[in-house]
Amino acid sequence: MKIVNRPAVKKDAAALVTGKSVYTNDLAPSDCLIVKVIRSPYAHALIKDINTARAEAVPGIECVLTYKDCPDKRFTMAGQTYPEPSPYDRLILDQRVRFVGDAAAIVAGTSEEAVKKAMKLVKIQYEVLEPVLDFRTAKDNPILVHPEDNWRSLCPVGADNKRNLCAHGVSEDGDVEAVLAKCDYVIDRVYHTKANQQAMMETFRTYTYLDAYGRLNVVSSTQVPFHARRILAHALDIPKSKVRVIKPRIGGGFGAKQTVVSEVYPALVTWKTGKPAKIIYTREESLIASSPRHEMELHVRLGADKEGNIKAIDLYTLSNTGAFGEHGPTTVGLSGHKSIPLYGKAEAFRFTYDVVYTNVMSAGAYRGYGATQGQFAVESAVNELAGVLGMDPTVLREKNMVRQGDKMPAYYGEVTNSCTLDRCLARAKEMINWDEKYPYRDMGNGKVRSVGVAMSMQGSGISAVDTGAVEIKVNDDGFYSLIIGATDMGTGCDTILAQMAAECLECKPEEVVVFGVDTDISPYDCGSYASSTTYVTGQAVVKTCESLRKKICERGAEYLGCKPEDVDFDGEYVTELATGKQISRSQIGNNVMCFSNAPLSASEAFSSPVSPPPFMVGMAEVEIDKETGVLELIDYVAVVDCGTVINPNLARVQVEGGIAQGIGMALYEDVVYNKKGKNFSNSLMQYKIPTRLDVGTIRVEFESSYEPTGPFGAKSIGEIVINTPSPAISNAIQNATGVIIRELPMTAEKIYRGISGR
């Protein structure tokens, strides 16, 4: 390959580093109405009365909207393929508010000063209700988060609003109880992961306007433009043909923008007033009224024989979806289906889950999407088993890990067509010098060092659901336009898709111009989530290029006066094989613009019945002060199998960034509520995310497999990279001190208390 599997500079690199105006707020016109949301101070309450008269009298105020001004039609903000698995439990504004920070009213005006003044003059009378704040007591609680009669669930996910239940499910293979009863060792543990914020640099932001035809145009920092179009049409109760969504550059998403967090508010204002409007979330709003990772409690039972052969895995996940269902029914599935299959030699497994409503901020999608929580629990349980057995945890994994060709009952029965997990483990051990550093080293100064290990798998899109499509056309002088529906949110998908097209069409990547997402123009794509773009949209690019090459040969043969089967296309020229006569791609492009009865373009879609998992091994080296419990992360090595690496530079920074986020989850990040449901983690002073100085040295290598169903043998890489730090660091703490921490984040206080026996 000449283009694929080679580093290439991102197509938007120069624009970004020179500060060009490419983001939503850069593009919004200066005369937009400023939109802000008045938020509930209570975790659970009914709005008894809203007096807006004084606020509406403020000069510059265009409108003050309440629940009385909104359609009484419930919808979900989760950006997922229709019919959405998430219950329809939201209104744009509701008479019942369900968490501190929930939307109570919308104020729009010509200046921020006027809007802020008006917000203080809106008088809301609340009837305060008792909230459900502990997710362990939410199921079948007499207090209902969603008592309304027009709540509904489109898919059979086990949801029941009269039980505070957003989803429930069971999947199993074999007789878990019988196998556990025969095991020599059974690990029975409970693990707890807290909510985490994506903390992307660009907060949620949207601007909206009506075009000359009365259609609602939405320019938004979203990962899911096509889903956003459907959601807005449902929310506003208008035809989908009346909505157009345009995605500019995104300043980070990490799953947060797979939920339509901000779009509905300026959309309602524009639809009501006919005027352009924009909303820019403050950092505080992005921390108290957004879509963080789901808090989960995971009960793991793990059975093994004396030799360390894992025989059975039983996992129960309790997930806290918060005030609304959003991604609750889907994230929870990954906690089991992306953790249990790592140990494919088990004779039996059972995975049970409940997703419950509570009166805290609703959770959503975050990189890893439930696999992160599940793998912390299962990998930690495996490390605890190694401790009980007195066995090196890497040796235990070598005995039990899934390998190429294995069938994975817990992963919907898929077979691992591509898997170098064994090579990833061996290479990681070599990189970190595991055999010399395990189990620990006393540094002689009150500090001790050790290493820890964890494995991970993810997926490549959602099997039999996700669809990607592209269009490629030949222009004058023969350059190509690649029109995509996939969303580049800083990952570089515009670049790697152009690389794939250039490889297929045998041209330079610079000759492929990429057009981003506009739902009026782009071919349909589910959006950037579920690690789908490289695998799903990438294969659509390959299929489209194959079709286009055939058409180029046909058109070239027509101009040369011969049959299509008698020519060849080498990327620059169509050549008649018998005579050597040629016509260039540039000439063909120009001829098409002159006299033609058909465009020279192609469009194909791709959807896969399988979702081939990438694999990864992460190892952490830590140093712990035994007197204070303070932990320093010395080294982190990662070896990834993502199939063929399309762009090594972009893949590497994906891994490094994901590991840094995983370290934040493991050691620092914590969403904290008080007894009344107020979120104390409402700024980056209270919500600690790691800096470059906090993550130590991160080293990344690849052990490539070849995925036969993927483009050029590629699989995904976007999400798997966040999953290993928490269990690997936990294992390093365990090996260094004997302290086992089962609740994240793993702070110095928790380590100190463990060491001192408190």
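- In the model, Asn417 has no side-chain atom that pairs as donor or acceptor with a side-chain atom of Gln404 under 3.5 Å.
- Crowding of Lys345 atom NZ: a count of heavy atoms from other residues, nucleotides or ligands under 6.0 Å exceeding 12.
- In this structure, the separation between CG on Leu180 and CG on Leu302 is 8.5 Å, given to the nearest 0.5 Å.
- The existence of a salt bridge linking Lys715 and Glu707 is excluded, since no basic side-chain nitrogen approaches an acidic carboxylate oxygen closer than 4.0 Å.
- Looking at every heavy atom in both residues, Ala312 comes nearest to Val179 through CB-CG1, 3.7 Å.
- Side-chain contact check for Thr724 and Ser456: no donor-acceptor pair (N or O, by modelled atom type) lies under 3.5 Å.
- Residues passing the ring pair (Phe, Tyr, Trp, His ring centres under 6.0 Å) test with Tyr636: none are found, sequence neighbours excluded.
- In plain terms, the two heavy atoms of Glu669 and Pro690 that are nearest each other are OE2-CD, 3.7 Å.
- For Arg301, the salt bridge (Lys or Arg N to Asp or Glu O under 4.0 Å) test picks out Glu177, Asp314, with sequence neighbours left out.
- Counting only distance, with no hydrogens or angles, the side chain of Arg652 and the backbone of Val700 share a donor-acceptor pair below 3.5 Å.
- Between Arg423 and Asp641, none of the side-chain N atoms (NZ, or NE/NH1/NH2) sits under 4.0 Å from a carboxylate O, so this pair counts as no salt bridge.
- Every residue was checked against the salt bridge (Lys or Arg N to Asp or Glu O under 4.0 Å) condition with Lys543, not counting sequence neighbours, and none meets it.
- For Glu430, the salt bridge (Lys or Arg N to Asp or Glu O under 4.0 Å) partners two or more places apart in sequence, or in a different chain, are Arg427.
- The distance from the CD atom of Glu347 to the NZ atom of Lys182 is 8.0 Å, given to the nearest 0.5 Å.
- Not a single ring pair (Phe, Tyr, Trp, His ring centres under 6.0 Å) links Tyr185 to another residue, sequence neighbours left out.
- Taking Ser450 as the reference, Tyr440, Asn735, Ala736 meet the side chain to side chain contact (heavy atoms under 4.5 Å, CB included) condition, with sequence neighbours excluded.
- Under the rule for a side chain to side chain contact (heavy atoms under 4.5 Å, CB included), the partners of Ser291 that lie at least two apart in sequence or sit in another chain are Gln198, Phe204, Ala256, Thr259, Val261.
- Annotation: salt bridge (Lys or Arg N to Asp or Glu O under 4.0 Å) contacts involving residues 364-391, sequence neighbours excluded, comprise Arg189-Glu384, Glu379-Arg397, Glu384-Arg742.
- For the residue pair Asn723/Thr372, the side-chain donor-acceptor check at 3.5 Å is satisfied.
- Between Asp525 and Gly527, the closest heavy-atom pair is OD1-N, 2.9 Å.
- A donor-acceptor contact under 3.5 angstrom links the side chains of His192 and Glu295, judged on distance only.
- Applying side chain to side chain contact (heavy atoms under 4.5 Å, CB included) to Asn383 and the options Val378, Leu396, Asn731 leaves one that passes, Asn731.
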List the steps and the verdict of salt bridge (Lys or Arg N to Asp or Glu O under 4.0 Å) for Glu398 and Arg403.
CA-CA 10 Å; Glu398 289 165 355; Arg403 295 174 185 266; over 6 Å; no
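- The ring-ring contact (aromatic ring centres under 6.0 Å, His included) analysis of residues 369-388, with sequence neighbours excluded, yields the pairs Tyr191-Phe376, His327-Tyr369.
- Side-chain N or O atoms of Asp466 include one that pairs as donor or acceptor with a backbone N or O of Ile462 at under 3.5 Å.
- Scanning all heavy atoms of the two residues, the minimum distance from Gly328 to Thr321 falls at CA-OG1, 3.8 Å.
- In this structure, CE on Met746 lies 5.5 Å from CD1 on Ile729, to the nearest 0.5 angstrom.
- We find that Glu503 and Arg6 are not joined by a salt bridge, their nearest charged nitrogen and carboxylate oxygen being 4.0 Å or further apart.
- Counting heavy atoms from C-beta on, the side chains of Glu84 and Cys155 never come closer than 4.5 Å.
- A search for side chain to side chain contact (heavy atoms under 4.5 Å, CB included) contacts involving Phe349 returns Ser171, Asp173, Ile340, Phe351, Pro409, Ala410, not counting sequence neighbours.
- For the 3.5 Å distance criterion, the side chains of Ser531 and Glu719 qualify, holding a donor opposite an acceptor.
- Among residues two or more places apart in sequence or in another chain, the side chain to side chain contact (heavy atoms under 4.5 Å, CB included) test is passed with Ala651 by Val645, Phe702, Ile717.
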Using the rule given for side-chain contact (heavy atoms from CB on, under 4.5 Å), can you reason through Val300 versus Ile187, listing the C-alpha separation, both sets of side-chain angles and the distance that settles it, and then say yes or no?
CA-CA 8 Å; Val300 184; Ile187 298 295; over 6 Å; no
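- The distance from atom CG of Asp488 to atom OG1 of Thr491, rounded to the nearest 0.5 Å, is 4.5 Å.
- Contact between His294 and Thr193 at its shortest, heavy atoms only, is O-OG1, 4.3 Å.
- By the side chain to side chain donor-acceptor pair (under 3.5 Å) test, Ser608 is found to be paired with Tyr535, residues two or more places apart in sequence or in another chain being considered.
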